[in-house]
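Here is the structure we will look at, set down as structure tokens.
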Amino acid sequence: MDTFWALDLSDPDAEWQCLGPPPQPSRILPVFVAQNGALYLFSGCELFAKRDGADGRRFLTDGYRYTH
């Protein structure tokens, strides 16, 4: 899935809200943390095909903070 979703748990009538796409590149094994009303996304691995056709991993060092 290429979107972030949010739900206000303090509101029993709240509905899920789409927050848009996450940053590129696509990643596996990210670290997500929710703290003080913000969502943090750090690191992970980008998968890619090597020249010989084998799977490769590029370790990511970026980080993002989201607030709504």
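A quick note: this is a predicted structure, and the numbers were derived from the prediction, not measured. The figures that follow rest on heavy atoms only: side chains count, while hydrogens, waters and symmetry mates do not.
Rounding to the nearest 0.5 Å places CG of L29 at 10.0 Å from CG of L60.
In this structure R65 satisfies the salt bridge (charged side-chain N to carboxylate O under 4.0 Å, His left out) test with no other residue, sequence neighbours excluded. Residues passing the side chain to side chain contact (heavy atoms under 4.5 Å, CB included) test with L9 are L7, sequence neighbours excluded.
If you chain together hydrophobic residues whose side chains sit under 4.5 Å apart, Y40 and F32 never meet in one group.
Among residues at least two apart or in separate chains, salt bridge (charged side-chain N to carboxylate O under 4.0 Å, His left out) pairs with a member in residues 25-35 are R27-D62. Applying the salt bridge (charged side-chain N to carboxylate O under 4.0 Å, His left out) definition to pairs two or more places apart or across chains, none involves residues 5-16.
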Give the table of side-chain donor-acceptor pairs shorter than 3.5 Å for residues 42-56, with sequence neighbours excluded, one pair per line with atom names and distance.
from: E46; atom 1: OE1; to: R58; atom 2: NH1; distance (Å): 2.8
from: D52; atom 1: OD1; to: A54; atom 2: N; distance (Å): 2.9

